[in-house]
Amino acid sequence: MPSPSGPAPSGRTPACPDGARAAGGAPRTDEARPAGYRAVFAVHEFRYVFAAHLLSSLGVVVCELALSVLVFRITASPLLSALTFALGLLPYAVGGTLLSAVADRCPARRVLVVCDLLCALAAAGMVLPGMPVAVLLALRCVLAAIAPVFAGTRAATLGETLGEGELFVLGRSVIRLVNQGAQLAGFAAGGLLLAAVTPRAVLALTAGTFLASALLLRLGTRARPARRGVRGALLGASLGGVRRLLADRRVRALLLLTWLPPAFVVVPEALLVPYSGLLGVGPAGTGLLLCSMPIGAVVAESLVGAFLGPRARARLTFPMGVFAVLPSLGFAARPSLGWAVLLLVLTGTGISYNFGVDRWFVAAVPEELLGQAMTVMQAGRMTVMGLAMGLAGVAAQWAPLRVVMPAAGVVGAVCVLAVIREVRRTAPGPDRASAGPVRGVAWPAAGTEK
């Protein structure tokens, strides 16, 4: 289906797909029957965004795997091979901080398409024969630096594609489902491809996925003007916008609530390979452990998004944010393979806390900084996860796994509870509960505390 011609109005324009209006023609409120994922996919523009994100996510995962294998074949160094994965997280801080203003000062569709094209060029550069390992790793850094700008711009655009409220929250949920599913499907597809063709051939294929994503976004999404964000030089505008966001107590608290649970959740995940060696379960058992957390995340995200309404999801935010870090306490008992899988699946279900955080965060952020705010959110999350993985590895060098893994649960619970207290204190009062860009926010019972 061709995309509409001409630029669309700026701002968060409500999207009302078929069936999203009541019998009298007025838009349904968030308190009506849950819209469900079907209403999200009824928006034709989102279908293009979904397909593009699916392709680019699979491309990133397969690219990481193929590049890791290629570097190992060239150098026979496990350290350099593992570094290709680490470089997928740490440069997020650079792109998410120094380039974050791009998301608001340039038209969104242009940013998304250019980001995909740059990723395609980086992947194509990896295919060239005789490319030094240092250059291969530098190209991996380019992909990682572009990722938060792309993710932040896309997240901000969802408010214009899907409108305010329920559909925006469900659209963000679909993006998370794709991210989790891509981890499972990408490693499986990458393994099969690497068994049949060379790593460079696989990298060439990933370049094609980025090009296909760029084409879908160009043809299937509307041209919208840039927001009026912070002006001036890009670096100064980016740093100024970040300072403005972090100076807001409410925004700062919600950013911490977005970052901290994943930081502690990845500690046991980062140590699953040595833990599987401790159990002696072999490659099949290791693969099962690595798949457990994404499976729990996909199941929980799907069920909560499909069957619960906005108020119920909001009430789950704080309990699930704390619960996400608690299953790692079970590793103190050195559980067998079956019990370890169960603990990891339960950990994955904690992803459902994001429903409420997404909504509150968009309501708290100034309209002109929405793209930059979403970029900072994504960059911060990936950066703290990368740091947590590294610290987990260091800790496991000095302490047994049955101490390090549950310790993440103890420290994580304390930190998340402290942040929740701050989020409650900064919540709008009852008379302002629906103030902000997203209307009808449903707060938990204690959410109106000063």
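All residue numbers refer to positions in the sequence shown, counting from 1. No hydrogens, no waters, no symmetry mates; every other heavy atom, side chains included, goes into these values.
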Non-neighbouring partners of A263 that pass side-chain contact (heavy atoms from CB on, under 4.5 Å), sequence neighbours left out
V384, A388
So which atom in T153 and which in T157 form the shortest heavy-atom distance, rounded to 0.1 Å?
O-OG1, 2.7 Å
Distance in Å, L170 CG paired with R38 CZ, rounded so as to fall on 0.5 Å steps
13.5 Å
Taking all atoms of both residues into account, what is the closest heavy-atom pair of P148 and Q378, and its distance?
CA-CG, 4.5 Å
For A253, which residues count as a side-chain contact (heavy atoms from CB on, under 4.5 Å) partner, sequence neighbours excluded?
E422, V423, T426
Using every non-hydrogen atom in the two residues, find where A155 and F168 come nearest and quote the distance to one decimal.
O-CE1, 3.5 Å
Could you tell me the separation between the CG atom of L67 and the CG atom of L139, rounded to the nearest 0.5 Å?
8.5 Å
Side chains of R109 and R218: does their closest heavy-atom pair fall under 4.5 Å?
yes
Provide the full list of side-chain hydrogen bond (donor to acceptor under 3.5 Å, both in side chains) pairs with a residue in residues 404-419, sequence neighbours left out, each pair given once.
none
Interatomic distance, CE@M377 vs CE@M374, rounded to 0.5 Å, equals 4.5 Å
All side-chain contact (heavy atoms from CB on, under 4.5 Å) counterparts of P335, not counting sequence neighbours
Y275, F331, W339, A340, L343
Is there side-chain contact between L254 and R250, with at least one heavy-atom pair below 4.5 Å?
yes
Check whether T317 reaches the backbone of A314 with its side chain - one donor and one acceptor, N or O, closer than 3.5 Å.
yes
Enclosure of R252 CZ (heavy-atom neighbours >12, cutoff 6.0 Å)
yes
What I'd like to find out is whether the side chain of F46 reaches to under 4.5 Å of the side chain of L167, using heavy atoms alone.
no
Per-pair distances, 0.1 Å, donor-acceptor, side chain in residues 287-310, under 3.5 Å, sequence neighbours excluded:
{"from": "S292", "atom 1": "OG", "to": "L288", "atom 2": "O", "distance (Å)": "2.7"}
{"from": "E301", "atom 1": "OE1", "to": "R176", "atom 2": "NE", "distance (Å)": "3.3"}
{"from": "E301", "atom 1": "OE2", "to": "S173", "atom 2": "OG", "distance (Å)": "2.6"}
{"from": "E301", "atom 1": "OE2", "to": "R176", "atom 2": "NE", "distance (Å)": "3.1"}
{"from": "E301", "atom 1": "OE2", "to": "R176", "atom 2": "NH2", "distance (Å)": "2.7"}
{"from": "S302", "atom 1": "OG", "to": "V298", "atom 2": "O", "distance (Å)": "2.7"}

Which atom pair, heavy atoms only, marks the closest approach of E45 to G220?
CG-O, 3.5 Å
Once you round to the nearest 0.5 Å, how far does CG of L216 lie from CG of L211?
11.0 Å
In sequence, state the C-alpha distance, the side-chain angles, and the governing distance for R172 and L158, and then conclude on side chain to side chain contact (heavy atoms under 4.5 Å, CB included).
CA-CA 8 Å; R172 288 277 291 163; L158 288 181; 4.0 Å; yes
Donor-acceptor pairs under 3.5 Å, side chain of residues 112-120 to any protein atom, not counting sequence neighbours: which ones?
{"from": "D116", "atom 1": "OD2", "to": "S213", "atom 2": "OG", "distance (Å)": "2.5"}
{"from": "D116", "atom 1": "OD2", "to": "A214", "atom 2": "N", "distance (Å)": "3.4"}

Do T221 and T161 come close enough that some side-chain heavy atom pair is under 4.5 Å?
no
Would you list the atom pairs, donor with acceptor, under 3.5 Å between side chains in residues 52-60 and any protein atom, with sequence neighbours excluded?
{"from": "H53", "atom 1": "ND1", "to": "S57", "atom 2": "OG", "distance (Å)": "3.4"}
{"from": "H53", "atom 1": "ND1", "to": "R154", "atom 2": "NH1", "distance (Å)": "3.0"}
{"from": "H53", "atom 1": "NE2", "to": "S57", "atom 2": "OG", "distance (Å)": "3.4"}
{"from": "H53", "atom 1": "NE2", "to": "N179", "atom 2": "OD1", "distance (Å)": "2.9"}
{"from": "S56", "atom 1": "OG", "to": "A52", "atom 2": "O", "distance (Å)": "3.2"}
{"from": "S56", "atom 1": "OG", "to": "H53", "atom 2": "O", "distance (Å)": "3.2"}
{"from": "S57", "atom 1": "OG", "to": "H53", "atom 2": "O", "distance (Å)": "2.8"}

Heavy-atom pair with the smallest gap, counting every atom of T347 and A324
CG2-O, 3.4 Å
Donor-acceptor pairs are to be reported for all side-chain atoms of residues 409-421 against protein atoms at under 3.5 Å, with residues two or more places apart or in another chain.
none

Between L257 and Y353, what is the shortest heavy-atom contact and its length?
O-OH, 2.9 Å
Partners of F50 by ring pair (Phe, Tyr, Trp, His ring centres under 6.0 Å), sequence neighbours excluded?
F41
If we only count heavy atoms from C-beta on, is the M126 to L143 side-chain gap below 4.5 Å?
yes
Centroid separation under 6.0 Å, is that true for the rings of F361 and W259?
no
side-chain hydrogen bond (donor to acceptor under 3.5 Å, both in side chains) filter on Q180, not counting sequence neighbours, yields none
Got a salt bridge between E166 and R313, using NZ or NE/NH1/NH2 to carboxylate O under 4.0 Å?
yes
Starting from the C-alpha separation in whole Å, work towards a yes-or-no answer on side chain to side chain contact (heavy atoms under 4.5 Å, CB included) for L121 and F210.
CA-CA 9 Å; L121 285 174; F210 291 123; over 6 Å; no
Mark yes or no for whether T383, through its side chain, and G380, through its backbone, hold a donor-acceptor pair below 3.5 Å.
no
The side-chain contact (heavy atoms from CB on, under 4.5 Å) partners of P274 (sequence neighbours excluded) come to L271, L401
Do R424 and F318 have side chains that approach each other closer than 4.5 Å (heavy atoms only, starting at C-beta)?
yes
Would you please test L344 and L272 for side chain to side chain contact (heavy atoms under 4.5 Å, CB included) and show each step?
CA-CA 10 Å; L344 293 167; L272 287 180; 3.7 Å; yes
Among all residues two or more places apart in sequence or in another chain, which pass the side-chain hydrogen bond (donor to acceptor under 3.5 Å, both in side chains) test with T349?
none
